[in-house]
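Data block below; observations after.
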Amino acid sequence: MVSAQISSSSSEHDGINETQVVLNVYDLTPVNSYTYWFGFGIFHSGIEVHGKEYGFGAHDFPVSGVFEVEPRSCPGFIYRASILLGRINMPPSEFRTFIECSASEYHGDTYNLISKNCNHFTDDIAWRLTGKHIPGWVNRLARLGALCGCLLPESLQATTVKQLPEYHDCTEEDGSESLSTATPRESTEMDDNDQEKLLVTSSAGTGEVAFVREATK
């Protein structure tokens with residue numbers, strides 16, 4: 001289990017490396033506009049640190065499913081709200097090492113709507129960074145589903161993945177490497193019993209999605 005190490009250097013005192021930890025929440029369906037007020041809905045969330053937003057999505061490969069986008073612009077979702085979780089003192093390079101190590105625990109082929117979804121990821125990262133959990137309503141559907149699978153519509157419990165991402169290496173401006181999605185291709189064969197997989201691709205919207213390369217062991 002990777003845990004965040006908060007920087008204790010002299011820069012901690014002058015605030016150079018201080019950054020907010022923000023939870024950005026998105027609607028997966030317009031129905032949330034009605035159910036939100038009852039504390040219920042289907043949401044995606046990303047964690048924003050040092051000017052980038054990090055989320056977790058599914059693909060069919062045993063490599064990182066952690067991706068980064070511009071804050072509040074995750075393609076394919078409807079932005080709802082931002083929630084300040086706290087502040088940390090951590091240099092961007094140190095945070096990059098932290099998120100790459102965390103990515104090794106979140107492979108795209110391990111995504112599960114009930115037990116390991118995007119909101120589980122943001123809750124885990126938020127806890128490691130700030131010692132705080134994300135609001136309970138963000139992932140309430142998954143908790144209900146874990147207690148009683150029949151509460152979830154069949155279409156949400158099991159479906160077919162229709163697109164797979166193709167990857168190519170890219171280099172960030174700071175020299176760090178990430179995995180970027182190219183144009184998706186049609187899947188030729190899938191098991192109808194596959195778990196729901198929330199596949200985030202660059203073609204899903206105007207935002208650019210780059211998958212974070214996990215730290216080498």
Side-chain angles (χ1 to χ4, degrees), residues 21-49 51-60 64-85 99 102-103 105-127 129 132-146 151-153 155-165 179-181 184 194-212:
V21 178
V22 178
L23 182 74
N24 293 325
V25 183
Y26 301 79
D27 291 329
L28 268 70
T29 169
V31 175
N32 282 0
S33 298
Y34 304 97
T35 60
Y36 170 78
W37 303 107
F38 298 97
F40 185 80
I42 307 175
F43 303 100
H44 166 76
S45 65
I47 202 87
E48 180 183 343
V49 181
K52 286 289 185 180
E53 180 178 316
Y54 300 85
F56 174 49
H59 53 66
D60 278 12
S64 170
V66 176
F67 62 89
E68 63 181 46
V69 296
E70 291 301 312
R72 302 174 297 283
S73 60
C74 189
F77 306 114
I78 306 169
Y79 171 72
R80 168 170 286 277
S82 294
I83 302 167
L84 177 61
L85 299 175
I99 201 69
S102 300
E105 302 172 27
Y106 287 90
H107 287 175
D109 63 347
T110 66
Y111 182 99
N112 183 283
L113 181 65
I114 303 301
S115 62
K116 194 174 184 179
N117 63 34
C118 57
N119 301 319
H120 290 108
F121 168 77
T122 54
D123 184 62
D124 183 29
I125 298 301
W127 175 255
L129 290 174
K132 297 179 181 179
H133 290 290
I134 67 174
W137 56 266
V138 176
N139 207 27
R140 185 162 292 150
L141 180 69
R143 293 201 304 274
L144 290 174
L151 291 176
L152 294 177
S155 60
L156 287 178
Q157 295 185 58
T159 189
T160 302
V161 179
K162 296 182 179 179
Q163 292 180 324
L164 297 174
L179 296 176
S180 178
T181 55
D194 281 349
Q195 290 292 323
E196 164 85 352
K197 295 183 178 180
L198 185 60
L199 179 62
V200 181
T201 69
S202 57
S203 63
T206 58
E208 182 179 351
V209 175
F211 280 83
V212 176

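All heavy atoms count here, side chains included; hydrogens, waters and symmetry mates do not. Note that the structure is predicted; figures quoted are calculated from it, not measured.
Remark: Glu48 CD to Ile83 CD1 distance equals 12.5 Å, nearest 0.5 Å. Between Thr122 atom OG1 and Glu53 atom CD the span is 9.5 Å, to the nearest 0.5 Å. Remark: Ser45 OG to Phe56 CZ distance equals 12.0 Å, nearest 0.5 Å.
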Run the side chain to side chain contact (heavy atoms under 4.5 Å, CB included) test on Asn119 and Val138 for me, step by step, so that the C-alpha distance in whole Å, both residues' side-chain angles and the decisive distance to 0.1 Å come before the verdict. CA-CA 7 Å; Asn119 301 319; Val138 176; 3.5 Å; yes
Phe77 vs Phe43, test: side chain to side chain contact (heavy atoms under 4.5 Å, CB included). Steps then yes/no. CA-CA 9 Å; Phe77 306 114; Phe43 303 100; over 6 Å; no
What do the steps show when you test Val21 against Ile47 for side chain to side chain contact (heavy atoms under 4.5 Å, CB included), and what is the final call? CA-CA 7 Å; Val21 178; Ile47 202 87; 3.9 Å; yes
I would like to know whether Ile125 and Ser102 meet side chain to side chain contact (heavy atoms under 4.5 Å, CB included); could you show each step before the answer? CA-CA 8 Å; Ile125 298 301; Ser102 300; 3.7 Å; yes
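Taking 4.5 Å as the limit, every side-chain heavy atom of Leu23 sits out of range of all side-chain heavy atoms of Ser82. Side-chain contact between Lys132 and Trp127 is absent, with no heavy-atom pair separated by less than 4.5 Å. Annotation: side chain of Asn24 is not in contact with side chain of Cys74 (no heavy-atom distance under 4.5 Å).
Using modelled atom types, one side-chain atom of Ser64 and one backbone atom of Val212 make a donor-acceptor pair closer than 3.5 Å. A donor-acceptor distance shorter than 3.5 angstrom exists from the side chain of Asp123 to the backbone of Ile134, with no hydrogens or angles considered. Remark: the backbone N or O of Glu70 is paired with a side-chain donor or acceptor of Ser73 at under 3.5 angstrom. The backbone N or O of Phe67 sits nowhere less than 3.5 Å from a side-chain atom of Tyr54 that would complete a donor-acceptor pair. Under a 3.5 Å cut-off, the side chain of Asp27 and the backbone N or O of Thr29 do not form any donor-acceptor pair.
When all heavy atoms of Ala126 and Leu85 are compared, the pair lying nearest together is CB-CD1, 3.6 Å. Between Val69 and Val209, the closest heavy-atom pair is CG1-CG2, 3.7 Å.
Screening Tyr79, Tyr26, Phe121 for a ring pair (Phe, Tyr, Trp, His ring centres under 6.0 Å) with His44, the sole residue that qualifies is Tyr26.
Residues Tyr106 and Asp124 have side chains that bring a donor and an acceptor to within less than 3.5 angstrom of each other. With 3.5 Å as the limit, one finds a donor-acceptor pair spanning the side chains of Asn117 and Asn139.
Aromatic pair His59/Phe211: ring centres closer than 6.0 Å.
Cation-pi check for Lys116 over Tyr111 is not met; the charged atom does not lie both under 6.0 angstrom from the ring centroid and within 45 degrees of its normal.
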